[in-house]
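The structure presented is a predicted model; accordingly, all values stated were derived computationally and were not measured. Throughout, numbering of the chain's residues begins at 1 and tracks the sequence.
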Amino acid sequence: MSAVVFIPARYASTRYPGKPLVELTGATGRKASLIQRSWEAAQGVQGVARVCVLTDDDRIRDAATGFGAEVLMTSSAARNGTERCAEGLAQLGEDPEIVVNLQGDAPLTPPWFLEALIARTQRDDAVRMATPVLRTEPQTLANFVTDRKDGRVGGTTAVMRGDGSALYFSKEVLPYVGSLQAPPEVWHHVGVYAYRPDALRAYGTWDEGPLERAEGLEQLRFLENGWPITCVEVEARGRVFWELNNPVDVARIEAVLQEEGIA
């Protein structure tokens with residue numbers, strides 16, 4: 001297998017319990033759960049041999065099998081999606097070249113984001129883990145600022161070296177731009193990851209570090225253990241990207257479904 005897509009989903013979300021089963025209304029009035037829309041997004045990705053929903057919850061399993069998804073049951077001990085993906089990898093009969101982690105709360109993820117990660121990883125054997133970043137457009141940056149002002153934790157920003165390797169990720173808006181006349185670029189981190197199997201297995205052996213714990217960002221465990229993360233710039237192509245992190249995001253995502261004509 002060249003690449004597999006795992007969609008980790010848990011019911012007991014701290015900020016939004018039960019969110020994988022929250023229904024979102026599309027442009028035609030069709031209602032589909034968050035996990036179904038994330039699975040449907042994965043179906044459009046080229047070069048993928050297999051798409052699996054990973055969960056420890058029977059309600060999510062039943063919903064996913066109901067709309068035709070393959071489901072791998074993982075343990076309730078998994079603290080984040082990457083740990084869940086490591087458990088899913090152990091259940092495959094053979095190692096794929098690449099494992100892609102598509103978050104179960106990101107139904108607006110365009111297929112070319114995942115395809116860019118797969119292509120970048122296949123092109124360079126030195127890449128152990130890769131993740132996409134977007135130049136932050138005005139509406140997304142406004143959402144970031146509004147969420148922080150209102151005390152909500154929403155999207156994530158990335159800070160990189162000139163070669164695209166990650167320096168840091170944060171739930172804060174980084175870097176601080178203040179009143180600079182020529183502020184540095186603010187990069188929106190997209191919560192999708194491509195791993196080599198060895199990187200995913202190594203992740204499962206490490207303890208959660210203080211930065212990961214403070215930020216609530218699973219990818220920081222790689223940086224805290226000295227493993228590089230390759231950031232891959234992707235283009236929105238006019239598509240608004242936003243994850244479902246808080247109840248307020250339901251209306252935001254449904255508005256995009258309407259605007260984009262997504263059923």
Side-chain angles (χ1 to χ4, degrees), residues 1-26 30-45 47-96 98-111 113-114 117-118 190-195 197 200-201 203-204 208 216-219 221 242-247 249-250 253-254 257 262-263:
M1 294 182 287
S2 60
V4 299
V5 174
F6 285 161
I7 306 175
R10 64 190 181 109
Y11 194 89
S13 169
T14 302
R15 282 177 282 161
Y16 196 169
K19 75 175 179 178
L21 301 183
V22 170
E23 289 193 330
L24 298 169
T25 303
R30 179 177 74 106
K31 293 181 181 294
S33 66
L34 176 63
I35 188 62
Q36 180 173 350
R37 290 192 177 278
S38 298
W39 179 80
E40 289 172 350
Q43 300 307 302
V45 180
V48 171
R50 194 170 174 182
V51 177
C52 304
V53 172
L54 309 184
T55 188
D56 62 345
D57 191 274
D58 291 345
R59 290 162 291 189
I60 296 174
R61 177 201 60 199
D62 293 345
T65 55
F67 58 73
E70 178 182 1
V71 177
L72 298 178
M73 295 300 291
T74 52
S75 76
S76 58
R79 291 170 291 185
N80 59 47
T82 301
E83 288 190 1
R84 205 171 294 283
C85 286
E87 291 188 15
L89 175 65
Q91 296 185 46
L92 299 181
E94 60 179 298
D95 275 359
I98 301 164
V99 175
V100 179
N101 173 355
L102 173 62
Q103 306 282 8
D105 60 3
L108 299 179
T109 307
F113 284 15
L114 282 70
L117 286 189
I118 293 169
V190 180
V192 182
Y193 307 101
Y195 321 96
L200 197 49
R201 274 190 284 266
Y203 186 95
E208 183 183 53
L217 296 174
E218 63 204 85
Q219 69 270 31
R221 195 180 306 183
W242 195 254
E243 305 100 334
L244 201 158
N245 296 299
N246 302 287
D249 295 323
V250 171
I253 291 176
E254 287 184 332
L257 296 175
I262 300 172

**Message:** Please evaluate residues Tyr16 and Val22 with respect to the criterion side chain to side chain contact (heavy atoms under 4.5 Å, CB included), reporting the C-alpha separation (whole Å), side-chain torsions for both, the decisive distance (0.1 Å), and the verdict.
**Reply:** CA-CA 10 Å; Tyr16 196 169; Val22 170; 3.4 Å; yes
**Request:** Apply the test side-chain hydrogen bond (donor to acceptor under 3.5 Å, both in side chains) to residues Gln36 and Glu40: give CA-CA distance (whole Å), side-chain angles for both, the deciding distance (0.1 Å), then the verdict.
**Result:** CA-CA 6 Å; Gln36 180 173 350; Glu40 289 172 350; 3.0 Å; yes
**Item:** Audit row: Glu218, Thr82, side-chain hydrogen bond (donor to acceptor under 3.5 Å, both in side chains) steps and yes/no
**Value:** CA-CA 7 Å; Glu218 63 204 85; Thr82 301; 2.5 Å; yes
**Request:** Kindly determine whether Leu102 and Leu114 satisfy side chain to side chain contact (heavy atoms under 4.5 Å, CB included), including the steps that lead there.
**Result:** CA-CA 8 Å; Leu102 173 62; Leu114 282 70; 4.3 Å; yes
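Side chains of Ile118 and Val100 form a contact here, defined as non-hydrogen atoms less than 4.5 Å apart. Residues Phe6 and Leu92 form a side-chain contact, since some pair of their non-hydrogen atoms from C-beta on lies under 4.5 Å apart. Ile262 is not listed as a side-chain neighbour of Pro107, based on a closest heavy-atom distance of 4.5 Å or more. Using a 4.5 Å cut-off on side-chain heavy atoms (C-beta onward), Val5 and Arg50 make no contact. Val192 is listed as a side-chain neighbour of Leu117, based on a closest heavy-atom distance under 4.5 Å. Between Leu200 and Cys85 there is a side-chain heavy-atom pair separated by less than 4.5 Å. Under the 4.5 Å side-chain criterion, counting only non-hydrogen atoms from C-beta, Val250 is not in contact with Ile253.
In plain terms, the two heavy atoms of Gly104 and Ile7 that are nearest each other are CA-CG2, 3.7 Å. Scanning both residues, Arg84 and Pro8, for their nearest heavy atoms gives CD-CB, 3.9 Å. When all heavy atoms are compared, the tightest approach of Pro96 to Leu89 is CD-CD1, 3.8 Å. Between Val53 and Ala69, the closest heavy-atom pair is CG2-CB, 4.0 Å. What you find for Thr74 and Gly88 is that their closest heavy atoms are CG2-N, 4.2 Å. In this structure, Ala3 and Gly47 approach most closely via the heavy-atom pair CB-O, 3.8 Å.
Using a distance-only test at 3.5 Å, with no hydrogens or angles considered, no donor-acceptor pair links the side chain of Thr55 to the main chain of Arg61. Between the side chain of Lys19 and the backbone N or O of Leu244, at least one donor-acceptor pair lies under 3.5 Å.
Between Asp56 and Arg10 there is no salt bridge, since no side-chain nitrogen of the basic residue lies less than 4.0 Å from a carboxylate oxygen of the acidic one. Salt-bridge check for Arg37 with Glu254: failed, with every basic side-chain N at 4.0 Å or more from each acidic carboxylate O. Between Arg201 and Asp95 there is a salt bridge, with a side-chain nitrogen of the basic residue lying less than 4.0 Å from a carboxylate oxygen of the acidic one.
For Asp57, the side-chain hydrogen bond (donor to acceptor under 3.5 Å, both in side chains) criterion is met by Arg59, not counting sequence neighbours.
Residue pairs meeting the ring-ring contact (aromatic ring centres under 6.0 Å, His included) criterion with at least one member in residues 47-70, sequence neighbours excluded, are Trp39-Phe67.
Rounded to the nearest 0.5 Å, atoms CG (Leu108) and CD (Glu243) are 9.0 Å apart. Taking OG1 of Thr25 as the start and CG of Leu257 as the end, the distance is 8.5 Å to the nearest 0.5 Å. Once rounded to the nearest 0.5 Å, the distance linking CD of Glu83 with CG of Leu54 reads 13.0 Å. Atom CG in Leu24 sits 5.5 Å away from atom CG in Leu34 (nearest 0.5 Å). Within the model, atoms CE of Met73 and CG of Asp58 stand 5.0 Å from one another, a figure rounded to the nearest 0.5 Å.
Remark: the Tyr195 side chain and the Asn101 side chain contain an N/O donor-acceptor pair separated by less than 3.5 Å. Ser38 and Gln103 share no donor-acceptor pair across their side chains, judged by distance under 3.5 Å alone.
Taking the centre and axis of the six-membered ring of Tyr203, the NZ or CZ atom of Arg221 falls inside the cone set by 45° and 6.0 Å.
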